[in-house]
Amino acid sequence: HVPSDTLTLATYTRTDRLVTTTASGSGPLSIDLPATGTLHVIATENGEAVPARVQVLGTVPASPAGFGEPVPVDGRIHVEYPETGDISLPVQPGTYEVFVSRGFEYGVERQTVTVAAGQTLQVDAPLDRVVDTTGILCGDFHVHTWRSNDSGDNALDKVRQAVADGVEMPVRSDHEWIGDFKQEITHLGVEKWAYGIGSIELTSFEVWGHMGV
């Protein structure tokens, strides 16, 4: 529902150029967006898929300020944490740097790639363990989610990020809420990579302090 005057419509996504279309009258309006490409990233260790952090760096046109779109930080068009190590990411035709990592125990796979319009380019990222941590687990004992009044973070995303960076024990420490990530670990199918431990962060309003239990 718009005025009957001639209108200019603008469309934008993070991987497309800004496209404007003039419209008047009524009825369906077709907007042709420019063709994009796809980066298909596969992270593996010894030939088997592993969770990983995938970052794609490049230059894309900024959206108009009034659109409210997030601005890529330091040129990072995508920062994703596929728990399967396999992810497809849309990009404009062009040249990009792809970084695939898995925490400090592994080397970083870095590739410069060029994607054409309509092309799906596969990026194989074999990750080599460079630090022997046999018998040692990595834990983060202070992880908040939307259950805490000082966090709006999604619990599934927290687990994805943990296993992508090699954190085997992500401990849910929400304020005044006993819980763990066991349900999220099972839902994502990452039992091989993570172990849930129950915790709570108690908040004292008498003598100021936060206590992890």
Side-chain angles (χ1 to χ4, degrees), residues 13-17 33-61 69-134 136-140 143 153-170 181-196:
T13 71
R14 207 172 189 180
T15 55
D16 288 334
R17 293 182 298 275
L33 296 177
T36 60
T38 301
L39 290 173
H40 181 196
V41 182
I42 303 174
T44 59
E45 179 186 1
N46 298 325
E48 295 186 8
V50 290
R53 176 195 291 248
V54 177
Q55 302 181 74
V56 178
L57 279 67
T59 301
V60 296
E69 291 287 327
V71 178
V73 178
D74 295 331
R76 284 168 170 78
I77 300 167
H78 292 291
V79 181
E80 301 292 342
Y81 307 86
E83 66 272 15
T84 62
D86 189 316
I87 191 168
S88 293
L89 301 169
V91 292
Q92 286 187 36
T95 300
Y96 300 90
E97 285 189 284
V98 180
F99 291 83
V100 184
S101 60
R102 184 161 157 64
F104 71 91
E105 300 168 46
Y106 293 80
V108 177
E109 179 68 15
R110 174 179 179 177
Q111 298 184 29
T112 301
V113 299
T114 300
V115 186
Q119 177 189 18
T120 296
L121 181 66
Q122 182 165 314
V123 180
D124 294 315
L127 298 174
D128 296 323
R129 186 183 289 271
V130 295
V131 179
D132 184 5
T133 57
T134 302
I136 300 173
L137 296 178
C138 179
D140 183 347
V143 183
D153 291 344
N154 180 278
L156 287 172
D157 287 342
K158 286 293 193 179
V159 174
R160 286 190 182 98
Q161 293 164 3
V163 297
D165 285 332
V167 178
E168 291 99 347
M169 293 189 298
F181 286 120
K182 290 179 181 178
Q183 183 176 351
E184 288 76 13
I185 289 170
T186 300
H187 178 81
L188 294 174
V190 294
E191 295 91 341
K192 181 178 179 180
W193 314 110
Y195 180 74

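Model, not experiment: these values are computed from the prediction.
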Beyond-backbone contact of Phe181 with Val143, side-chain heavy atoms, under 4.5 angstrom:
yes
Is there a side-chain contact between Val54 and Phe99 (heavy atoms, below 4.5 Å)?
no
Atom of Arg160, atom of Asp157 and distance for their closest heavy-atom approach
NH1-OD1, 3.0 Å
Looking at Cys138, is its backbone amide N or carbonyl O close enough to the side chain of Glu168 to form a donor-acceptor pair, meaning the two atoms are under 3.5 Å apart?
yes
Ser101 versus Val108: any side-chain heavy-atom pair under 4.5 Å?
yes
Let me confirm one number: the NE2-CG distance from His78 to Leu39, rounded to the nearest 0.5 Å.
7.5 Å
Is there a side chain to side chain donor-acceptor pair (under 3.5 Å) between Thr114 and Thr95 once you walk through the steps?
CA-CA 4 Å; Thr114 300; Thr95 300; 3.0 Å; yes
What's the separation between atom CD1 in Ile185 and atom OH in Tyr195, rounded to the nearest 0.5 Å?
9.5 Å
Flag yes if more than 12 heavy atoms outside Gln183 fall under 6.0 Å of its CD atom; otherwise flag no.
no
Separation of Leu188 CG from Glu83 CD (nearest 0.5 Å):
5.0 Å
Working to the nearest 0.5 angstrom, can you tell me the gap between Thr112 OG1 and Tyr96 OH?
13.0 Å
Exam field: side chain Asp132 to backbone Thr134, donor-acceptor pair closer than 3.5 Å:
yes
Closest non-hydrogen atom pair, Leu127 against Ala52:
CD1-CB, 4.3 Å
More than 12 foreign heavy atoms under 6.0 Å from NE2 of His187: is that the case here?
no
CG (Asp153) and NZ (Lys158) are apart, to the nearest 0.5 Å, by 4.0 Å
For Glu191 and Thr186, what are the C-alpha separation, side-chain angles and deciding distance, and is it a side-chain contact (heavy atoms from CB on, under 4.5 Å)?
CA-CA 6 Å; Glu191 295 91 341; Thr186 300; 3.8 Å; yes
Check the pair Arg53 / Asp165 against salt bridge (Lys or Arg N to Asp or Glu O under 4.0 Å), numbers first and verdict last.
CA-CA 7 Å; Arg53 176 195 291 248; Asp165 285 332; 2.6 Å; yes
Check Trp193 against Ala49 and note the closest heavy-atom contact, atom names and distance.
CZ2-O, 3.9 Å
Polar side-chain atom of Gln111 near backbone of Asp124 as donor-acceptor pair, under 3.5 Å
yes
Separation of Thr44 OG1 from Asp86 CG (nearest 0.5 Å)
10.5 Å
Go through the steps for Leu89 and Thr38 under the test side-chain contact (heavy atoms from CB on, under 4.5 Å), then give the verdict.
CA-CA 5 Å; Leu89 301 169; Thr38 301; 5.9 Å; no
Identify the two heavy atoms, one from Val100 and one from Ala43, that lie closest to each other, and give their separation to 0.1 Å.
CG1-CB, 3.9 Å
State, yes or no, whether a side-chain contact exists between Glu97 and Val56 at a heavy-atom distance under 4.5 Å.
no
I'd like to know whether Lys192 forms a salt bridge (Lys or Arg N to Asp or Glu O under 4.0 Å) with Glu48, so could you lay out the CA-CA distance, the side-chain angles of the two residues, the decisive distance to 0.1 Å, and finally the verdict.
CA-CA 13 Å; Lys192 181 178 179 180; Glu48 295 186 8; 3.6 Å; yes
Flag side-chain contact, heavy atom, 4.5 Å: Pro34 against Gln92:
no
Contact between Val131 and Arg129 at the side-chain level, heavy atoms closer than 4.5 Å - yes or no?
no
Please report the closest heavy-atom contact between Pro170 and Ala194, naming both atoms and the distance.
CD-CB, 4.2 Å
If we ignore hydrogens and angles and just use 3.5 Å, is the side chain of Arg102 paired with the main-chain N or O of Val163 as donor and acceptor?
yes
